Amino acid sequence: MVFAAPNDALARAEGVLGADPSPWHASVAHQVIGIWQRDWGDMRIALYHLRRARDLAARADSADREADALAALGVALVHAGRTQQGLAALERGVARGSGHTRARVLFRRAYARWVLGHHREALEDVRRAIPVLRQAEDVIWTARALTLRATVHLALGAMDRADADFTAAEALWGTTGQEHDKADAVESRGLAAYRSGDIPAALRLLDEAEERYAKLGTPTFMLNIRRCEVLMAAGLAPEALAEADAAISVLDGIGGQSTRKAELLLAAARAARLAGEAHTAIARADMAVRLFAGQRRMWWETHARLVLIEARVAAGRSSGRLVADTAAVAERLASFGAPAAPEASLLAGRMALTLGWRADAEQHLAVAARSRRSGPPLARMTGWAAQALRAQAAGSGRGVLEACRRGLDVLDAHRMTLGASELRARATAQGAELATLAQRASLDSGSPRRLLVWSERWRATALSTPPTRPPADPELQSDLTAFREIAARAEEARSEARPVPVLEREQRRLEREIRSRTLHMRGDTPGDGYRFDPGRLLQRLGDEVRLVELAVLDGRVQVLLCGRGRVRRYEGGLLAEAETEAEHVQAGLRRLAHPGAEGRLPVVEAAGRRLEELLLGAAAAHLGEGPVVVVPPARLHRVPWALLPSLRDRVLSVSPSASSWLRARETEPPPGGRPVLVRGPGLATGGAEVPHLAGRYGGAVVLEHADARVPRVLEELDGAALAHIAAHGTFRADSPLFSSLRMADGPLIVHDFERLDRSPYRIILSCCDTARFASVGADELLGLVTALLPLGTAGVVACTAPVNDAAVVPLMLALHKGLSEGLSLAEGLRDARAALPGDALHQATGWAFSAFGAA
């Protein structure tokens with residue numbers, strides 16, 4: 001009963017002990033309480049009860065009862081970090097038990113050996129147990145044994161065997177009432193999905209398991225560990241770190257299993273390293289190593305040592321001793337059959353190359369490169385990274401590019417299994433090393449065109465295909481509606497200086513639910529085999545248009561100037577200096593949005609000149625007289641490009657990539673598309689431009705006041721030729737896909753836009769901060785504008801900074817005047833800036849807006 005209805009079983013056991021039981025019955029009751037405390041409570045209490053169970057079983061003169069109690073005690077001792085005592089108790093249990101009971105003890109010993117990382121010994125025990133359990137028609141314990149064997153197969157990388165055992169176990173669980181075991185089986189299937197590379201299925205199954213555990217009221221420390229693994233693979237390392245640290249705090253609070261704490265520390269260390277928190281990773285990994293060593297868990301200790309070394313390297317430490325330590329770790333992992341062995345060999349080879357030890361590097365990299373041919377996607381990418389480094393060491397630029405191409409092809413195939421745009425964007429971080437190696441080889445080759453191709457190969461790839469449409473899920477729709485209502489009420493309360501914590505907590509809960517459901521989506525848009533063709537780009541640019549793509553290598557900006565049939569390279573300044581200058585400019589624009597700050601104008605203009613030197617260098621003198629398209633790296637997308645002196649009076653547009661610009665250029669407007677004008681509540685001017693625009697566009701759909709509700713707005717935006725939205729915009733750096741535009745019934749968020757069949761061909765966002773993005777993955781962007789571009793929008797006008805509402809109105813009216821005369825968004829925006837009054841407030845407003853895309 002303890003795994004079917006844990007809390008009921010605990011109450012029943014306590015009732016038995018209160019009724020003067022026989023030694024045999026008292027032994028069972030103490031064992032139930034001990035198991036409950038062992039798995040979900042205080043280990044000290046667990047050990048007390050399990051020892052009492054063992055002693056009472058001896059008094060009951062039942063060898064099988066004693067064997068069973070010894071097995072439960074042995075597992076508890078192992079979880080408490082008392083490995084030798086635990087294994088000794090299990091040995092005695094095997095010796096005391098017979099037949100069916102002995103098979104159950106063998107299963108427990110197999111489980112303990114799995115916890116300790118003794119995988120081959122665990123397999124032997126469980127193989128001996130399964131036939132006896134089947135013969136006894138013990139469905140529950142047979143299902144447990146099959147689940148355990150599948151989990152051990154996963155640890156050894158035997159995916160097919162694991163899948164067969166999980167399938168057989170699931171069929172058996174369906175005939176039982178063991179709710180906790182059923183939840184554990186769902187959790188294990190989530191782990192299997194993760195190991196096979198199916199991240200959405202893994203997240204969905206782990207969430208389902210969590211719901212099942214919640215109904216039973218039991219903690220979920222193993223689930224926390226597994227979710228951390230999946231979150232890291234999905235590029236969500238900060239979330240994994242937060243989850244691991246929170247679970248450790250709960251575990252410490254109840255005096256829980258020492259073994260689980262060590263595993264959670266290891267998960268936290270991995271997550272911290274991936275999140276760029278090297279010193280946090282060192283602290284967590286060092287503690288994990290100590291705990292695993294004390295628990296005599298060599299398999300786990302070796303994995304923790306690998307993470308500790310990786311964190312030290314990330315913190316800037318490197319030495320011959322560290323190479324030797326890494327090589328030793330790689331050897332031990334290989335001897336265990338651990339899938340992480342190639343990762344360790346790659347790290348050893350990478351460090352050896354840094355130290356100039358070519359022969360040692362080749363030895364380690366050759367071992368790591370073997371994984372490129374088979375296994376899950378990330379293991380194959382590790383192999384191709386090792387192969388690329390081998391080619392680099394051998395001086396073969398062609399070999400580097402071929403290995404990088406093959407590795408990034410693996411990543412592309414993996415990304416297309418992900419439906420959520422957020423996961424696609426974050427997954428690109430796993431290809432950063434390959435992309436950097438390819439760019440460096442291209443730079444060394446002296447071919448600007450080749451550098452352009454490889455800059456495009458990993459830039460804004462998440463925008464290359466539309467995200468999977470959210471399913472027609474009634475619960476998701478209900479969550480979105482509830483979120484909108486709660487968020488609107490919370491915003492109203494904040495505006496009246498009476499924040500309501502309960503509303504804010506409910507808003508965060510609904511955000512988690514919505515995000516969780518979208519992350520579960522599998523990709524339904526296979527890669528179209530598109531490869532960027534620089535010849536096609538140059539043909540589209542013609543003789544007049546210049547495209548400026550900024551690549552960053554070793555911290556320095558490389559300017560690739562495309563036009564008139566050529567790609568030329570110029571060198572810019574340091575990226576870090578450009579980022580600092582861009583922050584100064586943003587601060588200046590914020591100040592200029594308020595009257596009375598005119599004295600800041602010369603400072604902002606000077607910062608613009610410095611930005612031009614850093615970002616364009618000598619290329620600024622070769623831009624010609626025609627339109628310019630700027631393709632910046634993700635970290636520079638907030639630059640107000642119109643402020644740069646050589647771009648100030650030009651037809652200027654911005655694009656996440658040259659490929660995105662080409663797609664936008666070739667996007668056809670929808671037949672019979674209509675203008676849609678929307679104004680949300682709370683604007684200082686009341687969206688004053690909208691009535692004027694309604695007169696300009698006869699027959700336009702105008703949504704304002706109660707009509708400007710999210711469902712109606714989405715309905716009208718779908719397939720529109722032109723949309724103008726005047727509303728308050730909010731950028732969410734913590735969760736970019738909840739960036740929003742305020743409508744009458746609450747926020748219109750990025751997740752809402754992703755439900756459109758086709759977003760408007762042109763869209764003008766007369767709102768603050770709508771062109772702000774989160775830079776994630778390798779060189780990806782998450783935000784409002786980037787959500788629209790893959791959905792059929794060819795051009796967007798949006799704002800990179802807070803602006804003065806009153807000054808926006810004349811800018812918008814002038815922009816639409818140009819559009820009605822047949823101009824593009826970029827042409828209309830240039831003319832609109834020129835038509836504004838010359839004061840600092842209006843100039844800053846014009847600079848804050850940018851045209852994205854090519855419409």
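This one's a predicted model, so the numbers in the text were calculated from it and none came from an experiment.
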Between [X] and [Y], does any side-chain N to carboxylate O distance fall below 4.0 Å?
X	Y	answer
Lys182	Glu179	yes
Arg260	Glu263	yes
Arg321	Asp325	yes
Arg195	Glu229	yes
Asp55	Arg59	no
Asp184	Arg144	no
Glu121	Arg113	no
Arg120	Glu124	no
Lys215	Glu211	no

Find the distance between [atom1] ([X]) and [atom2] ([Y]) and round it off to the nearest 0.5 Å.
X	Y	atom1	atom2	value
Asp42	Tyr48	CG	OH	13.5 Å
Asp198	Leu203	CG	CG	9.5 Å
Arg38	His79	CZ	NE2	6.0 Å
Leu346	Glu310	CG	CD	9.0 Å
Ile130	Leu106	CD1	CG	11.0 Å
Ile140	Gln178	CD1	CD	3.5 Å

Answer yes or no: is there a donor N or O on one side and an acceptor on the other, between the side chain of [X] and the main chain of [Y], under 3.5 Å?
X	Y	result
Thr382	Leu378	yes
Arg297	Thr259	yes
Ser249	Asp245	no
Trp299	Trp114	no
Thr147	Ala143	yes
Ser335	Arg332	yes
Ser371	Ala379	yes
Asn7	Leu216	yes

How close do [X] and [Y] get, counting heavy atoms only, and between which atoms?
X	Y	answer
Arg51	Arg82	NH2-NH1, 3.3 Å
Thr83	Val78	O-CG2, 4.3 Å
Ala26	Pro21	CB-CG, 3.7 Å
Glu433	Ala385	OE1-CB, 4.0 Å
Arg270	His303	NH2-CD2, 3.7 Å
Ala348	Thr326	N-CG2, 3.7 Å

Do other residues, nucleotides or ligands put more than 12 heavy atoms under 6.0 Å from [X] [atom1]?
X	atom1	value
Arg296	CZ	no
Met159	CE	yes
Asp734	CG	yes
Glu14	CD	yes
Glu331	CD	no
Arg509	CZ	yes

Report the C-alpha distance between Arg109 and Val94 in whole Å, list the side-chain angles of each, state the deciding distance to 0.1 Å, and finish with yes or no for side-chain contact (heavy atoms from CB on, under 4.5 Å).
-> CA-CA 9 Å; Arg109 189 170 71 176; Val94 172; 3.9 Å; yes

Might you work through the side-chain contact (heavy atoms from CB on, under 4.5 Å) test for Ile33 and Leu10, ending with a clear yes or no?
-> CA-CA 6 Å; Ile33 296 171; Leu10 179 64; 3.9 Å; yes

Are any non-hydrogen side-chain atoms of [X] and [Y] less than 4.5 angstrom apart?
X	Y	answer
Arg102	Arg128	yes
His30	Leu50	no
Val152	Val126	no
Leu156	Leu123	yes
Val186	Glu170	no
Arg380	His414	no
Leu264	Asn224	yes
Phe3	Ile35	yes

Could you name each residue pair satisfying ring pair (Phe, Tyr, Trp, His ring centres under 6.0 Å) that touches residues 199-245, not counting sequence neighbours?
-> His180-Tyr213

Kindly assign one of parallel, tilted or perpendicular to the pair Trp40 and Trp36, based on the angle between their ring planes and the thresholds 30° and 60°.
-> perpendicular

Full working for side-chain contact (heavy atoms from CB on, under 4.5 Å) between Arg44 and Leu47 | CA-CA 5 Å; Arg44 290 167 298 179; Leu47 291 172; over 6 Å; no

Determine, using ring centers only, whether Phe166 and His153 are less than 6.0 Å apart.
-> no

Do Arg317 and Ile282 pass the side-chain contact (heavy atoms from CB on, under 4.5 Å) test, and can you show the C-alpha distance, the side-chain angles, and the key distance before you say yes or no?
-> CA-CA 12 Å; Arg317 305 179 197 175; Ile282 290 169; 3.9 Å; yes

Derivation and outcome, salt bridge (Lys or Arg N to Asp or Glu O under 4.0 Å), residues Asp286 and Arg290 | CA-CA 6 Å; Asp286 187 58; Arg290 292 171 188 273; 3.1 Å; yes

Among Asp138, Asp64, Asp125, the one residue meeting salt bridge (charged side-chain N to carboxylate O under 4.0 Å, His left out) with Arg104 | Asp138

Counting only pairs under 3.5 Å, give me each side-chain donor-acceptor contact of residues 66-76, with atom names and distances, residues two or more places apart or in other chains.
{"unit_1": "Glu66", "atom_1": "OE1", "unit_2": "Arg96", "atom_2": "NE", "d": "3.2"}
{"unit_1": "Glu66", "atom_1": "OE1", "unit_2": "Arg96", "atom_2": "NH2", "d": "2.8"}
{"unit_1": "Asp68", "atom_1": "OD1", "unit_2": "Arg108", "atom_2": "NH1", "d": "3.1"}
{"unit_1": "Asp68", "atom_1": "OD1", "unit_2": "Arg108", "atom_2": "NH2", "d": "3.4"}
{"unit_1": "Asp68", "atom_1": "OD2", "unit_2": "Gln31", "atom_2": "NE2", "d": "2.8"}
{"unit_1": "Asp68", "atom_1": "OD2", "unit_2": "Arg65", "atom_2": "NH2", "d": "3.3"}
{"unit_1": "Asp68", "atom_1": "OD2", "unit_2": "Arg108", "atom_2": "NH2", "d": "3.4"}

